[in-house]
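Notes for the one structure printed next.
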There are 2 protein chains.
Amino acid sequence: METIPYSGDMGGWGGPVRWEASADGVCERPVSRAATIKDVARRAEVGVATVSRVLSGSGPVSPATRERVLRAVRELEYRPSALGRSLKTQRTGSIGLVVGEITDPFCAELAAGVLACARTLGEHVLLDAAHDDPAREAEIVDRLVEQRVDGIIAIPTGHGDRWRAAMRAGVAVVFADRAPAELPEIPSVLADDAAGVRSAVEYLAGLGHRRIGFLGTTAPGAAPGTDAGVREATFRTALAERGLAPEEDLVVRARPSRDSAFAAAAGLLQRRPDLTAVLAATHLLGEAAVLVARELDLRIPADVSIVMVDDVPWAELCDPPLTAVARPGRDMGYRACEVLLRDPARRERGRPVVLPTELVIRGSCGPRTGMPGGAARSARTR
Amino acid sequence: METIPYSGDMGGWGGPVRWEASADGVCERPVSRAATIKDVARRAEVGVATVSRVLSGSGPVSPATRERVLRAVRELEYRPSALGRSLKTQRTGSIGLVVGEITDPFCAELAAGVLACARTLGEHVLLDAAHDDPAREAEIVDRLVEQRVDGIIAIPTGHGDRWRAAMRAGVAVVFADRAPAELPEIPSVLADDAAGVRSAVEYLAGLGHRRIGFLGTTAPGAAPGTDAGVREATFRTALAERGLAPEEDLVVRARPSRDSAFAAAAGLLQRRPDLTAVLAATHLLGEAAVLVARELDLRIPADVSIVMVDDVPWAELCDPPLTAVARPGRDMGYRACEVLLRDPARRERGRPVVLPTELVIRGSCGPRTGMPGGAARSARTR
DNA sequence: CCGCTGTATGGAATCGTTTCCATCCTGGTG
DNA sequence: CACCAGGATGGAAACGATTCCATACAGCGG
């Protein structure tokens with residue numbers, strides 16, 4: 001390999017073009033690597049410091065020099081390498097985003113919010129999905145730390161150790177949607193799930209429903225901070241406040257998979273044909289409830305009313321359209337990114353940011369049918 | 001700022017701990033920056049080269065030394081910086097992924113496929129959304145080039161210049177889902193949309209439908225390579241093959257927004273109450289068709305049959321469940337990533353990878369109703 | 001006893017930036 | 001005319017890894 005001199009007007013290099021024998025050893029073709037700041041400096045006949053000054057607009061540069069540099073930049077199609085800069089400045093300009101599963105509509109909304117905010121702040125987003133697997137989450141966080149991201153936004157699933165290690169490594173962390181109680185020192189952006197569930201229960205109770213089923217997520221020893229814990233706990237509290245003793249039998253939990261959700265919904269609706277309403281704690285569970293109701297020939301809302309937490313696009317397409325507790329996924333993502341990047345003050349004192357939810361009333365809930373319908377329904381049920 | 005000597009067993013440094021006056025100037029607290037390979041070397045009393053050898057397993061190292069190094073690594077919680085490594089090796093280990101909108105279910109599926117493949121190959125994924133805006137896309141590509149990503153996977157929207165510039169900068173590019181005809185040199189992974197549309201048309205024709213509406217996307221001068229062009233063109237061809245002259249009036253195009261899709265669907269169904277089936281070219285258009293049909297009190301499939309391209313989760317939840325042409329979004333993402341990272345041969349010869357589609361038959365299509373129903377329906381319509 | 005092979009190791013160059021600092025020069029002021 | 005402020009500029013030192021190369025030493029055959 002040999003460098004060839006540039007024969008242009010400046011007498012300097014024409015750029016970083018080199019000649020190199022191709023693999024077959026027969027034809028030779030020019031191979032160009034990306035131009036560096038040195039190439040630009042050489043071509044513009046200035047020092048690298050001057051090029052840097054022109055490009056970053058930091059120091060004083062004479063107009064003539066600036067023009068020469070910019071021309072060289074254009075001619076060489078020079079793009080400064082973020083690697084060199086990051087190494088020197090100790091900031092990469094990118095943040096990590098760890099969600100459960102990007103195809104989940106809520107995660108996707110949240111990601112969209114993060115992307116929107118990151119874009120306005122000029123940051124890149126490194127995305128990965130942990131699939132609710134703490135080990136995978138830990139590995140992802142490890143790799144993000146290696147990448148020296150400026151910060152991490154996560155819907156956390158695992159235990160605290162890895163997150164604490166990340167913070168010790170100097171990476172800022174903000175949780176979204178969930179906040180493990182064992183990590184109170186890490187700031188978080190949450191939805192007001194309690195208010196959402198409460199409004200749903202009150203709405204159903206207001207329609208006259210007395211026996212309301214709850215489809216929740218498995219988190220038996222769930223800390224109070226967890227969404228699973230909050231929703232179920234609030235469900236019980238809200239019922240109690242209304243003077244409705246919650247029957248243990250009406251609360252069913254499922255793992256976060258379609259199959260498990262379906263099984264849970266089927267179990268609940270078959271076991272308790274006397275219930276007149278169901279509150280699903282996630283959109284997966286809502287989906288399962290709808291499908292099971294359809295399978296059992298239960299009319300919505302005539303036979304059973306359904307509300308679910310998470311307003312996903314299909315809620316409107318359902319027949320009837322589904323009443324849902326809308327949680328501001330996009331806003332949460334945006335806010336989390338803001339807290340991470342431009343609100344270190346809030347990062348210090350650890351109170352979570354809580355965004356409001358909204359009960360979106362559509363057509364899936366009706367007044368409790370005059371005739372409880374236990375007989376009629378048990379006839380239909382298998 | 002002052003370094004303090006480590007007083008441990010080795011007599012070396014205890015790590016990169018420094019003392020620094022805090023902002024208020026009152027309390028002094030230890031501030032630790034991330035350990036570097038030098039800190040490890042010092043602590044293990046070896047050279048940096050040896051540390052590197054231990055960690056990358058490249059050269060010969062005596063067991064005793066290896067143990068000392070590993071201990072130092074543990075004690076300092078050392079994580080090699082990807083920046084330093086990337087700068088030296090000229091590979092960042094990350095790829096860019098440019099989609100239209102991450103909340104779009106198809107984009108999300110594709111992204112999931114890319115993530116899955118990237119994970120198996122140890123690559124990171126930098127995600128951004130171009131929102132169908134060529135200018136935004138161009139800016140994103142520019143920034144990805146600055147980041148020196150190893151490659152880019154994109155659902156392209158803009159013109160060729162920027163992509164060619166990226167390739168000139170040495171970044172490999174693979175297109176997914178769409179392949180601008182003006183860039184035949186860039187490899188691509190596509191769905192067999194033609195076969196999908198054809199099977200849908202044949203299915204509808206087989207059910208007896210003669211007047212089939214088409215809801216497509218705007219791309220008037222769309223190059224044949226574009227999905228918009230392919231779907232519409234195939235629709236016409238397939239009709240013609242069946243001896244059904246396509247009426248211009250039955251083909252409507254919309255921009256890729258909910259409003260535009262809704263307007264298009266409403267226009268079509270109101271203007272042509274005589275049509276008995278609709279083929280929607282995207283899931284947004286399918287959604288619009290369903291909502292409009294519901295609004296016009298058209299029963300599906302009794303009054304109008306609906307098929308759409310793209311099988312999204314809500315298709316199954318619709319009532320009736322929607323017949324759809326499933327396109328393997330996840331597989332396309334996975335494959336695109338494979339082509340990008342481990343199939344340079346395929347990258348050379350530019351034939352696109354085409355993955356099969358599948359017509360998923362559900363309940364939204366029925367035989368053409370005996371009575372065309374023009375009278376009855378026009379009565380219902382407004 | 002000499003030279004050779006091969007393992008174990010450390011020093012130093014390199015990757016592409018930013019930025020500190022020294023130098024040079026110009027024009028204004030005493 | 002000497003001096004100085006300050007604008008323009010270039011050299012060189014980081015930043016944190018990898019990797020080439022030189023060195024040191026042990027074992028061994030001739």
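Just so it is clear, the structure is predicted and the values come from calculations on it, not from any experiment. Order of the sequence lines fixes the chain letters, A, B, ..., with proteins taken first and strands second; residue numbering starts at 1 for each chain.
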(message) Across nucleotides 5-11 of chain C, 5' to 3', mark each nucleotide with B, S or - according to how protein heavy atoms within less than 4.0 Å reach it.
(response) ---SBBB
Whole-Å distance between [N] [atom2] and [X] [atom1]?
X: A:Y78; N: C:dT17; atom1: OH; atom2: C1'; answer: 7 Å
X: B:R91; N: D:dG16; atom1: CZ; atom2: P; answer: 22 Å
X: A:R85; N: C:dT18; atom1: CZ; atom2: P; answer: 5 Å
X: B:L55; N: D:dT19; atom1: CG; atom2: P; answer: 13 Å
X: B:L87; N: D:dC15; atom1: CG; atom2: P; answer: 14 Å
X: A:K88; N: D:dC15; atom1: NZ; atom2: C1'; answer: 6 Å
X: A:D39; N: C:dC15; atom1: CG; atom2: C1'; answer: 13 Å
X: A:R42; N: D:dG11; atom1: CZ; atom2: P; answer: 12 Å

(message) Five pairs per end, C1' atoms only: what is the angle between the end axes of the helix from C:dC1-D:dG30 to C:dG30-D:dC1, to 10 degrees?
(response) 70°
(message) Once you apply a heavy-atom cut-off of 4.0 Å, does B:I37 come out as touching a base, just sugar-phosphate, or nothing?
(response) base
(request) Scan A:S81 against the nucleic acid and name what it touches under 4.0 Å (heavy atoms): base, sugar-phosphate only, or nothing. (result) sugar-phosphate
(message) Given C:dC15, D:dA17, C:dT17, identify the nucleotide with an atom nearest to the side chain of B:Q90.
(response) C:dC15
(request) Nearest 0.5 Å please: distance from the CG atom of A:L127 over to the CG atom of B:D128. (result) 11.0 Å
With sequence neighbours excluded, residues passing side-chain contact (heavy atoms from CB on, under 4.5 Å) with [X]:
X: B:Q90; result: none
X: B:R85; result: A:E146, B:P80, B:T89
X: A:T92; result: A:S86, A:S94, A:R148, A:D150, B:L83

(request) Please state whether the phosphate of D:dT18, meaning OP1 or OP2, lies under 4.0 angstrom from any side-chain nitrogen or oxygen of B:S52. (result) yes
(message) Need to verify one output field. Residue with the more 5' nearest nucleotide on DNA chain D, B:S58 or B:G84?
(response) B:G84
Lys/Arg N to Asp/Glu carboxylate O, [X] vs [Y], below 4.0 Å:
X: A:E75; Y: A:R68; value: no
X: A:R74; Y: A:E67; value: yes
X: B:R342; Y: B:E123; value: no

(request) For B:R335, enumerate each residue passing the salt bridge (Lys or Arg N to Asp or Glu O under 4.0 Å) test, keeping only those at least two apart in sequence or located in another chain. (result) B:E338
(message) A:W163 and side-chain contact (heavy atoms from CB on, under 4.5 Å): which single residue from A:E137, A:E185, A:R168 fits?
(response) A:E137
